Number of protein chains: 2
Amino acid sequence: MARYTGRMSKRYDQYCPVAHALGLVGERWSLLIVRELLQGPKRYTDLAASLPGIGTNILAARLKELETCGLVTKHRLDPPAASMVYELTPYGLELKSVMRSLALWGLRSIGPPTDEEDFAPGWLYGALDTVFAPSAPAGSFEFRIGSEVAGIVDGEAQRGPIEEPDVVLEAGVEAFYWLFVERRWKGVKVTGERELLEQLLDAASAPAPAAPALV
Amino acid sequence: MARYTGRMSKRYDQYCPVAHALGLVGERWSLLIVRELLQGPKRYTDLAASLPGIGTNILAARLKELETCGLVTKHRLDPPAASMVYELTPYGLELKSVMRSLALWGLRSIGPPTDEEDFAPGWLYGALDTVFAPSAPAGSFEFRIGSEVAGIVDGEAQRGPIEEPDVVLEAGVEAFYWLFVERRWKGVKVTGERELLEQLLDAASAPAPAAPALV
DNA sequence: CCGCATCCCCAAAGATACTG
DNA sequence: CAGTATCTTTGGGGATGCGG
């Protein structure tokens, strides 16, 4: 694995994996940039647009840091559209498990959404991909939440409608919150195998499974 | 888009569980304070001592923030020793899974330790408790790493020697690193069931298990 | 437009001295 | 021991500029 020994902007002088990790991605905005790039390669201005308040100099600085740390690479797109895109390296992609832990922890205190418009396009796919897909049971799920449509097929998140899904969930974002965080089935419409959906919820609620051999 | 006109120095203006989580523990030093408190209640000065370079004002500020966020509580110890201790709340304790993810990710790029003295007392117990115990197979393990002794019994980390352990590992901190991170069995002494130790390593290397029902 | 670099200003971090 | 007070330094936010 690539080891970064160079100068990190602000680091902690401790030999500790957590302190080291925070030296790489612990600065303000860094993990949110990673969150955006987990949805796929993005351009500079698209990143800036999805991170309200970041300030262009900070975004440039963070991207440069992430690049020198080996978490992000910069390419020029193929000829037709000759713009630059930023993309996670394999090691950067592995931050998905960190994002999942953080998201599951943060969900428990974030409270219900108040405004449908707080949601950026693609949020549903992102949530399914990083939070729910990693522990999803076999089967195919389609979610129609607000104006977003995405799903999970055999443990992999997919954008858009799913072909012949085993179960379909339709809800507004607030009902989605109440179901997935608070486990209240209110204001949701389920078509198909509801138990499969419950399995999905159960699996995500227990991100740190009991020791397998202890069961 | 950004409809928050007031003054919001810290925090990100997004309805996103990751952004919310980072608003709670994303500031500099916060997660390292949590790391210390995961080992049990600690006094102010002990925290300061185990976080070299933090500055007393920052420590006080972070503790106050963590307290108002409901992640930390402050008690006065029972009469014999009438000092204050800081302790994680149940919600704060649940950051252990986040620490585990971060540590497993950071380990892959931290590189081998160069100096035995970089290690604070109790580091072995901390590592076993947050990183390895959550996915440990049944059985009892004893680790004698450098001058530290700790172990895992049926998925729970314990300080000090273990009674009749199934397997004992003796090594220096550098050999410990090579074994647990790079999987090189060099300079370590194993007594007892070596396969059990391998199971422990395998379980921790795969923190995001494949979807159970897919197997 | 896109991808930054520069400048200004203020808020937060660091260092250290000090106090109940 | 457990912080507060004060001062300096650094970094972030916002606006603007500017070459490609």
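Please read all numbers here as calculations on a predicted model, not as lab measurements. Residue numbers begin at 1 in each chain, while the letters A, B, ... track the order of the sequences.
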What integer distance in Å separates [X]:[atom1] from [N]:[atom2]?
X        : N       : atom1 : atom2 : value
Met84(A) : dG3(C)  : CE    : C1'   : 9 Å
Arg43(A) : dG3(C)  : CZ    : C1'   : 11 Å
Arg62(B) : dA12(C) : CZ    : P     : 10 Å
Asp46(B) : dG3(D)  : CG    : P     : 12 Å
Leu63(B) : dA2(D)  : CG    : P     : 11 Å
Leu47(A) : dC4(C)  : CG    : P     : 11 Å
Leu59(A) : dT6(C)  : CG    : P     : 16 Å
Leu66(A) : dC4(C)  : CG    : P     : 13 Å

Report yes if at least one side-chain N or O of [X] is closer than 4.0 Å to OP1 or OP2 of [N]; otherwise report no.
X        : N       : answer
Lys42(B) : dC1(D)  : no
Lys64(B) : dT4(D)  : yes
Arg28(B) : dG11(D) : no
Tyr86(A) : dC4(C)  : yes

For the pair [X] (side chain) and [Y] (backbone), establish whether a donor and an acceptor sit closer than 3.5 Å, ignoring hydrogens and angles.
X         : Y         : value
Glu36(A)  : Leu47(A)  : no
Tyr12(A)  : Trp29(B)  : yes
Arg28(A)  : Arg11(B)  : yes
Thr89(A)  : Gly70(A)  : yes
Gln39(A)  : Tyr125(A) : no
Glu148(B) : Gly122(B) : yes
Arg76(A)  : Met84(A)  : no
His20(B)  : Ser109(A) : yes

Protein N or O to nucleotides 14-17 of chain D N or O, pairs below 3.5 Å:
| unit_1 | atom_1 | unit_2 | atom_2 | d |
| --- | --- | --- | --- | --- |
| dG14(D) | OP2 | Gly53(A) | O | 3.3 |
| dG14(D) | O6 | Asn57(A) | ND2 | 3.1 |

Are the aromatic ring centres of Phe132(A) and Phe141(A) under 6.0 angstrom apart?
no

What contact category does Arg76(B) fall into here, base, sugar-phosphate, or nothing, at under 4.0 angstrom with non-hydrogen atoms?
nothing

Neighbours of DNA chain C within residues 29-38 of chain B, by heavy-atom distance under 4.0 Å:
Trp29(B)

Quick one: stems for DNA chain C, with Watson-Crick or G-U pairs under 3.5 Å, at least three in a row?
C:1-19 with D:2-20

Of the options dA13(C), dG3(C), dG12(D), whose atoms approach the side-chain atoms of Ile58(B) most closely?
dA13(C)

Evaluation steps, side chain to side chain contact (heavy atoms under 4.5 Å, CB included), between Ile145(B) and Trp123(B)
CA-CA 10 Å; Ile145(B) 313 299; Trp123(B) 72 268; 3.7 Å; yes

Assert: residue with more 5' nearest nucleotide on DNA chain C, out of Thr45(A) and Glu27(B), is Thr45(A)

Can you tell me how the ring of Tyr86(B) sits relative to the ring of Tyr44(B), calling it parallel under 30°, perpendicular over 60° and tilted otherwise?
tilted

Per side chain to side chain contact (heavy atoms under 4.5 Å, CB included), Leu200(B) is matched among Ser135(B), Pro137(B), Ser205(B) by Pro137(B)

